[in-house]
Asks: 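Shown below is the structure under consideration.
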Amino acid sequence: MSDTALREQICVLAKSMFDRGLTGGSTGNISARTADGGLLVSPTGTSFGRLDPARLSCFDATGRLIGGDPPTKEMPLHAAFYETRGTAGAVVHLHSCHSVALSMMPDADPDNFLPPLTPYAIMKLGKVKLLPFFLPGDPAMGEAVRGLAGKRSAVMLANHGPVVAGKNVEAACNAIEELEDTARLALLTRGMGARGLTEAQVRDVVTTFDVEWDD
Ligand SMILES: [Zn+2]
């Protein structure tokens, strides 16, 4: 994909998420690998509803800022995914309401944050790691992601929001939307004795679709 098309795609998909209430105000950030090994990143303090393709922060392959506005302060978080997951072509972070609510539940499983409710969440996200609370911009968040050694494509920052890596911008956005939808389903059905997938059904999905699922 050309640099121009990638810039457009980042802004169009970010706006789509903003328009559907997936991250409000100036929250959320997004980054993508460029064809020459650099990175395009949403600038600090910008709204997903109004990203300007021409002003995205642009890094060269050595990590030097070569154009655009200063990047999001969550840059260490994005960098940690690219460093540990060779397949990562894009990283998205949202402040999405239902997943944040679910991260506050006392019975949330830190190793497998989303209950197994639908096959697509398993296929697109694998196991989502619930990380503890960090101050916004704390480089320790990046360290926590590095500690996962590239084994997870999706993490949930407690009381803050999800971060998902994908092979490209579209895949990362689709996966983080699946995460938020599943968190919403979990809250909608909470305490109602809903039937999730059985262990055998989860195993079937994992093997049939070759899901990364360390256990
Ligand atoms: Zn954030």
Side-chain angles (χ1 to χ4, degrees), residues 10-33 39-52 55-57 59 63 65 68-85 88-105 108 110 113-114 121 124-125 128-148 152-166 169 171-184 186-187:
I10 289 169
C11 298
V12 165
L13 293 185
K15 181 171 187 323
S16 163
M17 289 189 282
F18 179 87
D19 287 347
R20 287 175 291 137
L22 287 163
T23 206
S26 63
T27 66
N29 36 74
I30 182 166
S31 64
R33 275 255 177 260
L39 274 184
L40 288 170
V41 184
S42 54
T44 184
T46 50
S47 165
F48 262 27
R50 297 178 289 280
L51 287 181
D52 179 347
R55 293 179 64 179
L56 296 176
S57 317
F59 291 85
L65 184 66
D69 292 337
T72 166
K73 61 177 174 301
E74 306 291 17
M75 200 59 204
L77 197 53
H78 290 249
F81 272 104
Y82 292 112
E83 283 166 30
T84 55
R85 286 182 66 84
V91 175
V92 188
H93 166 54
L94 303 176
H95 291 188
S96 44
C97 187
H98 300 89
S99 39
V100 176
L102 193 64
S103 80
M104 300 170 189
M105 296 298 147
F113 167 64
L114 292 176
K124 288 187 189 296
L125 298 152
V128 178
K129 184 83 178 178
L130 174 62
L131 295 177
F133 175 75
F134 297 96
L135 282 177
D138 185 344
M141 270 190 273
E143 288 311 312
V145 170
R146 276 189 197 86
L148 302 172
R152 303 295 180 98
S153 65
V155 301
M156 180 66 208
L157 304 168
N159 302 67
H160 181 169
V163 192
V164 175
V169 178
C173 291
N174 287 345
I176 205 164
E177 291 189 19
E178 195 68 38
L179 195 161
E180 172 64 4
D181 284 346
T182 305
R184 186 161 177 236
L187 292 171

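Any value given below was found using the heavy atoms of this structure, including those in side chains, with hydrogens, waters and symmetry copies removed. Counting starts at 1 for both ligands and their atoms, in listed order.
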Asks: Restricting to distances shorter than 2.8 Å, give the number of protein N, O or S atoms close to the Zn ion (ligand 1).
Replies: 3
Asks: Identify the residue among H78, H95, K73 that makes a side chain to side chain donor-acceptor pair (under 3.5 Å) with N29.
Replies: H78
Asks: Taking only Lys NZ, Arg NE, NH1 and NH2, and the carboxylate oxygens of Asp or Glu, determine whether R20 and E177 approach each other closer than 4.0 Å.
Replies: yes
Asks: Going from OG on S96 to CG on L179, what distance comes out if it is rounded to the nearest 0.5 angstrom?
Replies: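 Between atom OG of S96 and atom CG of L179 there are 7.0 Å.
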Asks: Do you know which two heavy atoms are closest between F81 and A88, and how far apart they sit?
Replies: O-CB, 4.3 Å
Asks: Return yes if some donor-acceptor pair links the side-chain N/O of T182 with the main-chain N/O of E178 below 3.5 Å, else return no.
Replies: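 At least one qualifying donor-acceptor pair exists.
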Asks: Could you list the residues that satisfy side chain to side chain donor-acceptor pair (under 3.5 Å) with D69, not counting sequence neighbours?
Replies: R55
